[in-house]
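In what follows, a structure is listed as structure tokens, so that the remarks can point back to it.
Bear in mind the structure is a predicted one, so any value in this text is a computation, not a measurement. The sequence lines fix the lettering, A, B, ..., with proteins before strands; numbering per chain opens at 1.
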Amino acid sequence: PRQKEHGDWATNLALVLAPKAGQPPRHVAEAIAGAFPDVAAVDGLDVAGPGFINIRLKSVWLHDVLRAILRDGPAYGLRRGARGDRVQVEFVSANPTGPLHVGTARNAALGDAVASILEADGYDVEREYYWNDAGTQMEAFAASVEARYLEHFGREAEIPEGGYQGGYVREIAEAIAADLGDALADAPAGERRAAIAKQAYDRTLEGIRATLARFGIRFDSFLSARLFYETGAIDDAVARLREAGYVYEEDGATWFRSTAFGDDKDRVLIRRTGLPTYFAEDCAYVVHKAARGYARMIYVWGADHHGDVKRVLGAAEALGIDPARVEILLYQFVNLSSGGAQSRMSKRAGDVVTLDELIDEVGTDAARYTLLARSSDSTIDFDIEAVTRQTMDNPVFYVQYAHARIASLLRVAGERGVELPGWEDVELDVLTDEAELDLLRTLSELPEIRELAAATLAPHRLAHYIEDVAAVFHRFYTECRVITEDAERTHARLWLSAAAKQVIGTSLRILGVSAPESMERLEGDDDTDAVVGGDGRP
RNA sequence: GCCCUCGUAGCUCAGUGGAUAGAGCAACGGUUUCCUAAACCGUGUGUCGGAGGUUCGAUUCCUCCCGGGGGCACCA
């Protein structure tokens, strides 16, 4: 027999007796006793099908689970202390050439949730944003803003080939014009470009930081790519690769032999022009990360970067860094449409749906939850209008409502003067209804879910799990009246509810979604103006 | 052409070497003297894209094919 994958808190064990399926129940029971000598107490046992047996463990196990949740609170299910390793999660890292858009929203939500899950798993996590502010894209951006600035003052100017056409470029230019006037319009070209580049850069950074704050994301560090140029780190990295024997010169450029690591072709490190490529920055960056001593270095990349994986892992190995320390989490794109019309997500092309606009439409909670509720391997394909229209159908509200409902329940108990003994002293044997046991069983799955989510860097596991918890709680709430004349039962059910609140609340916070203490009732049938209480977000 | 990823209910998506493959939305019906009805209960549909293979057992692993998305720069 094999035990289905379950942790110590397992309450339903499914046994598979494959080779000899037709054994009589008595024989099966003996087999179980032999296989699980530690499991002395078995509430029920039935033969579910050929070779399959369900065992229900004594509810006393479930009571231990409840007590563990109440004792450990948010930490329940964590491997505290077992893993003190430092982990860096590098995410967002969008070029400061415009506002964050919906594609980077997925990166932001995913990276932050993964970081939180690992924190919850006992790691020492640092969140980093890499500003790629040294490349040709920045120059093109500056040139574009400059052109709009000149246009504003009636000068002849055109956005260069490959420049940025988005409306926000004009907004930035207008803002610069409003603050500085036309002083730069007649300045020498080089001076003007430098001044405008700095202005445009600073304003974009400020905007991105503001958007991230609105989205509930805080980074521990922002690292500028300029650092690598100023310290010679890129040259050092190339030199180390050369020493290792993976560098050669061809066609006037300097190449990394990434084919030695399974890449399709070798990659240029230093261009014919003498300028390093972005990949060379990557090499310097991975050295920088490794030198800071992270046990795990996690990159969060969009699917368009999947082709870069082998070269970066190869470079790490060539640089003497164990590639097992480097993990690259890829996520598929978010395809946006609005009323059926596709929206493009290229900053250069313009026509962008920004993260700020998304937050305006659906709010941070719904946006983050929606972006996290699906596997990162799966393309998210939604119509903005539909998401807005279905806001009240979003599972995030279902889960938040369960949390608010429990909070309300506990408040009412307090108002009615219910005197609650400590959870250690509560008589839990009164929890015997199927709805109560269901809730206990579901709550007991938390450690397993967290472990799985952490091991696979998959926040959506947690999202689906708390939908289950919410559903089971709602059923329990409907079927079992909590506050009654029966003091013993009231106490047990209140503590059970408190545990459910703990599990939901902690999980929501890991996902970066607020866990409201109250949600206002909906007025009438209008589904467009609902108000979420607690954090007061519309 | 090569590489990555997805294809599961009308729609949006979970699941994954084991049991009768699940949830939300959408449809229809029911539930509130009572702790928040944003809730609960009931009614159902699946060639798990297709074909082979491995296995006692495949939706899950392998191969091929078809279809969607993304890559294959001296861009980032």
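Spacing between G24(B) and A9(B) at atom P, rounded to whole Å, works out to 16 Å. Using P as the reference atom, C11(B) and A73(B) are 37 Å apart when rounded to the nearest Å. Separation of the C1' atoms belonging to A19(B) and G1(B) is 44 Å when rounded to the nearest angstrom. Separation of the C1' atoms belonging to G70(B) and C74(B) is 23 Å when rounded to the nearest angstrom. Between the C1' atoms of A14(B) and A51(B), the separation comes to 27 Å (whole Å). A gap of 24 Å separates the P atoms of G7(B) and G53(B), to the nearest Å. Only the P atoms considered, U5(B) is 39 Å distant from G44(B), to the nearest whole Å. Of the C1' atoms belonging to C13(B) and U31(B), the separation is 29 Å, rounded to the nearest Å.
Side-chain atoms of Phe397(A) lie closest to A38(B) of the nucleotides A38(B), C35(B), A39(B). The side chain of Thr478(A) sits closest to C40(B) out of C72(B), C40(B), G70(B). Closest to the Arg405(A) side chain, of the nucleotides C74(B), A39(B), C40(B), is A39(B). The Arg475(A) side chain lies nearest to C40(B) when the options are C40(B), A14(B), C74(B).
Atom pair His464(A):NE2 and A21(B):P shows a separation of 20 Å (rounding to whole Å applied). Spacing between atom CD1 of Ile380(A) and atom C1' of G69(B) amounts to 13 Å, rounded to whole angstrom units. Asp251(A) places its CG atom 14 Å from the C1' atom of A73(B), with the value rounded to the nearest Å. Rounded to an integer number of Å, the gap from Asn394(A) CG to C13(B) P is 13 Å. Between the C1' atom of G70(B) and the CG atom of Leu329(A) lies a distance of 16 Å, rounded to the nearest Å. Whole-Å rounding puts the Tyr398(A) OH to A39(B) P distance at 7 Å. Rounded to an integer number of Å, the gap from CD of Glu467(A) to C1' of A39(B) is 15 Å. Residue Tyr369(A) contributes atom OH, which lies 19 Å from atom P of A38(B) at whole-angstrom precision.
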Dot-bracket for RNA chain B, 5' to 3', counting Watson-Crick or G-U wobble pairs under 3.5 Å, with [ ] for crossing pairs and | for inter-strand pairs?
(((((((..((((....[...)))).(((((.......))))).....(((((..]....))))))))))))....

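Residue pairs meeting the salt bridge (Lys or Arg N to Asp or Glu O under 4.0 Å) criterion with at least one partner in residues 473-484 of chain A, sequence neighbours excluded, do not occur; the list is empty. Within the structure, the salt bridge (Lys or Arg N to Asp or Glu O under 4.0 Å) test picks out the following pairs touching residues 128-137 of chain A (sequence neighbours left out): Glu128(A)-Arg292(A), Asp133(A)-Arg226(A).
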Contacts table for residues 272-281 of chain A: side-chain donor-acceptor under 3.5 angstrom, sequence neighbours left out:
unit_1, atom_1, unit_2, atom_2, d
Arg272(A), NE, Asp251(A), O, 3.3
Thr273(A), OG1, Leu275(A), N, 3.4
Thr277(A), OG1, Val268(A), O, 2.9
Thr277(A), OG1, Leu269(A), O, 3.2
Thr277(A), OG1, Phe279(A), N, 3.4
Thr277(A), OG1, Ala280(A), N, 3.2
Glu281(A), OE1, Tyr130(A), OH, 2.6
Glu281(A), OE2, Tyr229(A), OH, 2.9

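Side-chain N/O atoms of Arg461(A) include none lying less than 4.0 angstrom from OP1 or OP2 on A14(B). Dashed line: the shortest gap from a side-chain N or O of Tyr477(A) to OP1 or OP2 of U32(B) is not under 4.0 Å. Proximity of His474(A) to the phosphate of A37(B): no side-chain N or O atom is located under 4.0 Å from OP1 or OP2. Between Lys265(A) and A73(B) there is a side-chain N or O to OP1 or OP2 distance below 4.0 Å.
Under the 30°/60° scheme for interplanar angles, the aromatic rings of Phe476(A) and Phe473(A) are found to be tilted.
For Asp308(A), the side chain to side chain contact (heavy atoms under 4.5 Å, CB included) criterion is met by Trp301(A), His305(A), Arg311(A), not counting sequence neighbours. For the side chain to side chain contact (heavy atoms under 4.5 Å, CB included) test, residues two or more places apart in sequence or in another chain that qualify with Ala318(A) are Leu241(A), Tyr246(A), Phe256(A), Phe261(A). Asp433(A) meets the side chain to side chain contact (heavy atoms under 4.5 Å, CB included) test with Glu436(A), Cys480(A), Arg493(A); sequence neighbours excluded. Every ring pair (Phe, Tyr, Trp, His ring centres under 6.0 Å) that Phe222(A) has, sequence neighbours left out, goes to Tyr129(A), Trp131(A), Phe219(A). With sequence neighbours left out, the side chain to side chain contact (heavy atoms under 4.5 Å, CB included) criterion links Ala142(A) to Arg193(A), Ala197(A). Under the side-chain hydrogen bond (donor to acceptor under 3.5 Å, both in side chains) criterion, Lys310(A) pairs with no residue, sequence neighbours left out.
With contacts defined as side-chain heavy-atom distances shorter than 4.5 Å, the pair Asn394(A)/Val362(A) does not qualify.
Between Arg416(A) and Asp304(A), the one whose closest nucleotide on RNA chain B sits nearer the 5' end is Arg416(A). Both Arg311(A) and Val412(A) sit near RNA chain B, but only Val412(A) has its closest nucleotide nearer the 5' end.
Using a 4.0 Å heavy-atom criterion, one finds that Arg272(A) contacts the bases of the nucleic acid, with or without backbone contacts as well. Across all strands shown, His305(A) has heavy atoms under 4.0 Å from base atoms, whether or not it also approaches the sugar-phosphate. Within 4.0 Å of Ala404(A), counting heavy atoms only, lies at least one base atom of the nucleic acid. At a threshold of 4.0 angstrom between heavy atoms, the contacts of Thr254(A) with the nucleic acid are absent. The residue Ala303(A) sits close only to the backbone: its heavy atoms come under 4.0 Å of sugar-phosphate atoms, none of a base.
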Is there any protein nitrogen or oxygen under 3.5 Å from a nitrogen or oxygen in nucleotides 4-7 of chain B, and what are the pairs?
unit_1, atom_1, unit_2, atom_2, d
C4(B), O4', His306(A), NE2, 3.3
U5(B), O2', Asp377(A), O, 2.9

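Look at Glu451(A) and Arg461(A) and you find no salt bridge, because none of the NZ, NE, NH1 or NH2 atoms lies under 4.0 Å from a carboxylate O.
Of the residues in residues 482-492 of chain A, those placing a heavy atom less than 4.0 Å from an atom of RNA chain B are Val482(A), Ile483(A), in numerical order.
Within 6.0 Å of the CD atom in Glu250(A), the count of heavy atoms belonging to other residues, nucleotides or ligands exceeds 12.
At least one donor-acceptor pair closer than 3.5 Å links the side chain of Tyr465(A) to the backbone N or O of Thr442(A).
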